[in-house]
Every structure is written in C-alpha cells, then in structure tokens.
S.K.: 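After the structure tokens below, expect a handful of questions from me.
So you know, we letter chains A, B, ... as the sequences are listed, proteins then strands, and number each from 1.
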Amino acid sequence: MEGSLAFWMYRLDSWAWLLFETANMAALATLAGAGAALLLAFPAARNLGAGRVLNPLARRLLEAMRTVPEIVFALIFVWAFGVGPLAGILAIAVHTAGACGKLFAESIENTGLGAWAGVRSAGGSWTQACRFAILPQVAPSLLSYALLRFEINLRSASVIGFVGAGGIGEELYKVIAFNYYEEISAILLLVILAVFAIDLLSERLRHRVIGGMQ
Amino acid sequence: MGLRQVAALEQDVAAWMGARGMLELRGLTRRFGATVAVDHVDLDVPAGQMVGIIGRSGAGKSTLLRMINRLETPSSGQILSGGRDVTALEGRGLREWRRDCAMVFQQFNLVQRLDVLTNVLIGRLAWQRGWRSLMVLVGARFTAEERAMALAALDRFGLAETALQRAETLSGGQQQRVALCRALLQQPRLVLADEPIASLDPRNAQLVMDALRDVNRRDGLTVLVNLHHLDTARQYCDRIVAMQAGKVVFDGTPAALTPERVRAVYGITEQEFAAEAEARRRAAEPAPATLAVA
Ligand SMILES: Nc1ncnc2c1ncn2[C@@H]1O[C@H](COP(=O)(O)OP(=O)(O)OP(=O)(O)O)[C@@H](O)[C@H]1O
Ligand SMILES: [Mg+2]
C-alpha cells in the first residue's frame, strides 16, 4: 500500500544485504590497513634506528597513502580491478594504512627504550626487539586506534560505493540518479542507523580494551 | 658424547679462555664530542673473576660496559675475548657476542607489560634458528625445555610463583632478579651489570648482590659490576677497578684499596665518596608510594 512503512522499505532485504556487504568491506579494509600500518610503523618510527634508507622510505610511503583521498584510490582500483567491492576495500585499506601508520609510529616513538635496550643487549634482532620490547607496550593504544578507524571506515565504505566500488553506496548512487526520493530517504535512514549501531558497539569495545589492559 | 666428556671439554674451553683472557680491552676509547667518556682503557679479565668497577658520576663506568656489549660503539681501541676480536662484529656475529655477555641494567629494562616468564625467555631470543625463530616471533612459542629452564632460573632466586604476573607488578628487587634470570637464560660467559643495585633499598641490594656472586661462584661466570659503594665492591669482588674521568686509576685487590688509596685517587675521603653514592641512590629511587597516592 502506498505511504505505508512496508511500501517505503519494500526492498529492505536486499538493502540489508548491501549494508552488510558495506560493513564487511569496512571491516576487511580496516584489518588489512591496520596490518600494513603495523608493519610500516616500526621502520617509520624515528627512535628505533631503522636506518637511513628504510626510515624515510616508510615515512614517505605512509604520507603518500594518507594524503591521496580515498576516492582517488577507489577510481584507480575500479579502473584496475573493475567495478565491485574489491576496489572499495583496497581504496579504504590503503588510506587506513597511511593514517593508522602515522599514529602507530607516534605511539612507538612515545615508548621508553629501556626494554628495547634489554632485548638488544641480550642478542635479540631488530625484528625480535620490535616484537618483544615495543609491541606489548603499544598494543592497547594501537588496538584503540584501529577500532576508531573502523568507525570512520564504515562511513567511507558507504560513500565510496558511489564510484562503483560496491555495497550500499552503489545502490544509493543509482536511486539518486533516478530521483527515487522514497528510496533515497529509506537508504539514508538505514545507513545512519547502521553507522550509529556500529559506532556504539565499537566504542564499547574500545573502552573495554583500554580499560581491561590497564 | 657422555657427561664426563662434556665436562672435560668444558674444562678445556675454560682453560683456554683463561689462558687467552676472557676479556681483554686494548686502548678502548669512547668520545662524545669533546668529552672523552672512556680514555684508553687497558684491562685483562681472566675467566671466573668478579670485578667491581667503581668511580664517581660521569667516570665512564656505564659507557665502558655498554661498549663491551657493543650497545655503544668504541671510538678506538679493541675488545678481545678468548683472543678473538669482537670490536667490529656485525649481524649474526654481533648478536651472538651480545648473547655471550649478558647485560644487567640499573633500571632492570624488563618489558613491563609482559609476564615474568616471557621476560626471562627473552634471554633465549639469540638462540633461535630457522623456523623456530619464526614460531617465537609470531606466537612467542618457546620450547618446553626453554620454559623449564626459565622456571628453574626463577625458582633459584625464589621467584617461581611470580612467573605469570606482569613484570610491572613486581618490586624493584624482584625485577632485578628477573633481569638476572633473563641474563642466565642467555647461557652467557660474561655478565655485565651496570649499577644493578643503585635503585634498590639495602635489603634488596644485598639479595641482588648475593645472586650475582652466586652466579659467579656456582656457574663460574665472569662478572663485571659497576658499583657506587666501595664497601659493596670490597665485600663481593675479587678485584676492584677504579675509574676517574674515563681512565683506570686503580686496579687491584679489595685489600689494596685502602682509605689512603681512595683519598689519593679521588681527592676525597671514603666517607665523602659514600655520601655521594648515597645521594645518587636516593635520587634514583622512585618516589615513595604515599606520595603517588596523594
Ligand atoms: N650518549 C651520550 N652522549 C653524550 N655524552 C655522554 C653520553 N653517554 C655518556 N656521556 C658522557 O660520558 C661521560 C661518562 O658517562 P657514563 O654514563 O659512562 O658515566 P658513569 O660512570 O656511568 O656515571 P654514573 O655513575 O652517573 O652512571 C659523562 O661525562 C657523560 O656525560
Ligand atoms: Mg652509569
């Protein structure tokens, strides 16, 4: 019946699926991006003596990844891999790596180097010292940054679909193009609700992580 | 190879090391800009000796030990062990040398958020090879033997029940003994202790010094220990090396370091020397707990 809630949300099932896809895109992109950030943050940190080649290289790479807007990466990846979620995930992951990498490196730079000297003096390699002397000390703040990033990425994932990168964004782009006002408002409402729910959940998790680790 | 043969071989090695000198420093020098922190130090340390290095603040004691472990790069001079030059080692060779000369620091240098057992197991890092080192790096998976070794070391110094606690929950004295356990897990030939008791109260200081001497006597490890207090050095060490402005100004038995000698070397009386050391200890001590709560 026209005007009823059922009519307004008549495609709820497929939209819910698209939203789920978007959330998955955000989660995967956050995981991949934070993983890359973790690997790059150690050589990028100024206090671990990664060397005159590796240190600036890692820093420049992180800078490049976070200064280029996500949408530009998305267009490049759509062109390279075709229309679909993969392009969206990659685009968000690259930007996440750049943004998180900087924060991770700063976290590392703020850690005392006593434990580092302890591991190195025992004959531990540079990598072993990163793993055993630094990582345990910075893990809570790194995790907290990554979760915060997940909230941001959910919004990015909704928008990035506009360029054909999959998920609810692509659908939103279509209904906007056809001026289907009911559908536009319905989808926007769903996105807002989803972002809101995930925001709440991840914030709870974040506080649990920080609180539990202190 | 039987146990007896192993023992015989170890004796051979020990004799050889003794003959060639466990540690020989030749004109070892370190400059920081205009300051010469360590100035042409020559020192021969035979295997099994417990050497106390004393000196006032800035004498170059820490720099000397850190150079031996190669945490600090010498400006000139040589470090030899068993006749082998270790001054210019790099990569794997350097890591194995560091494994052989374990460091103990004034501030313990444990990983505060890791449990005690893992902190001790860090002493095993330099022993990992091939896929084992990957297991350790990814999942901190040490072998059962290594974990047993770590527990035995902790048990030796009365710390077995703290094995699963975080290092940060331990007192300073306990942390320093954990650091000593980590050093032992390296299965080193030398222990370099840089003011290991300078931030401990007298009771814990005694526990740690007793542990160090036990490591020297029972395990036969050569120990170089930087100390503030002449009394501690006299009580525990076979030999005392006194430094002043980067140079060795006295090298002899504790009995030979008479109050007159101290005065001649440092230009201050032994009481003044002790007062200075005590002032530094108080400065290094963490603020009392009551203050932290307020
Ligand atoms: N990294 C450094 N950069 C510049 N100068 C340094 C450095 N490390 C040590 N020095 C200088 O070298 C000299 C010797 O320092 P060192 O720490 O070895 O003395 P120390 O005998 O251990 O003194 P303390 O009892 O205070 O620990 C001092 O003058 C110190 O200021
Ligand atoms: Mg010192």
S.K.: Is there a side-chain contact between B:L221 and B:L190 in this structure, where contact means two heavy atoms from C-beta onward sitting under 4.5 Å apart?
M.R.: no
S.K.: Are any of the side-chain heavy atoms of B:L159 and B:V120 separated by less than 4.5 Å?
M.R.: no
S.K.: Has B:S199 got a side-chain atom pairing as donor or acceptor with B:Q106's backbone, closer than 3.5 angstrom?
M.R.: yes
S.K.: Flag the pair A:E63 and A:K102 as a salt bridge only when some basic side-chain nitrogen lies within less than 4.0 angstrom of an acidic carboxylate oxygen.
M.R.: no
S.K.: Would you indicate whether the side-chain heavy atoms of B:Q176 and B:N204 approach each other to under 4.5 Å?
M.R.: no
S.K.: Using side chain to side chain contact (heavy atoms under 4.5 Å, CB included) as the criterion, point out the one residue from A:V94, A:N153, A:L75 that pairs with A:E70.
M.R.: A:N153
S.K.: With a 4.5 angstrom heavy-atom cut-off, which part of B:R124 approaches chain A: side chain, backbone, both or neither?
M.R.: neither
S.K.: Only pairs of heavy atoms separated by less than 4.5 Å count here; which of B:R70, B:Q112, B:R182 has the most with chain A?
M.R.: B:R182
S.K.: For chain B, which residues from residues 119-126 of chain A lie under 4.5 Å away (heavy-atom distances)?
M.R.: A:V119, A:R120, A:S121, A:A122, A:G123, A:G124, A:S125
S.K.: Below 4.5 Å, heavy atoms only, C-beta onward: do A:F42 and A:L135 meet side chain to side chain?
M.R.: yes
S.K.: Taking everything shown except B:R147 itself, do over 12 heavy atoms lie less than 6.0 Å from its CZ?
M.R.: no
S.K.: Heavy-atom pairs under 4.5 Å with chain A are the metric here; pick the option from B:L94, B:V136, B:T118 that has the most.
M.R.: B:V136
S.K.: Where does B:V104 contact chain A at under 4.5 Å (heavy atoms): side chain, backbone, both or neither?
M.R.: neither
S.K.: Step through the shown structure and confirm whether more than 12 heavy atoms of other residues, nucleotides or ligands are within 6.0 Å of CZ on A:R60.
M.R.: yes
S.K.: At a heavy-atom separation under 4.5 Å, does B:Q186 approach chain A through its side chain, its backbone, both, or neither?
M.R.: side chain
S.K.: Is the backbone of B:A102 close enough, under 3.5 Å, to the side chain of B:N69 for a donor and an acceptor to pair up by distance?
M.R.: no
S.K.: Side chain, backbone, both or neither: which part of B:A167 has a heavy atom under 4.5 Å from chain A?
M.R.: neither
S.K.: With a 4.5 angstrom heavy-atom cut-off, which part of B:L110 approaches chain A: side chain, backbone, both or neither?
M.R.: backbone
S.K.: Taking every non-hydrogen pair under 4.5 Å, which of B:N119, B:I122, B:D100, B:L137 racks up the most with chain A?
M.R.: B:L137
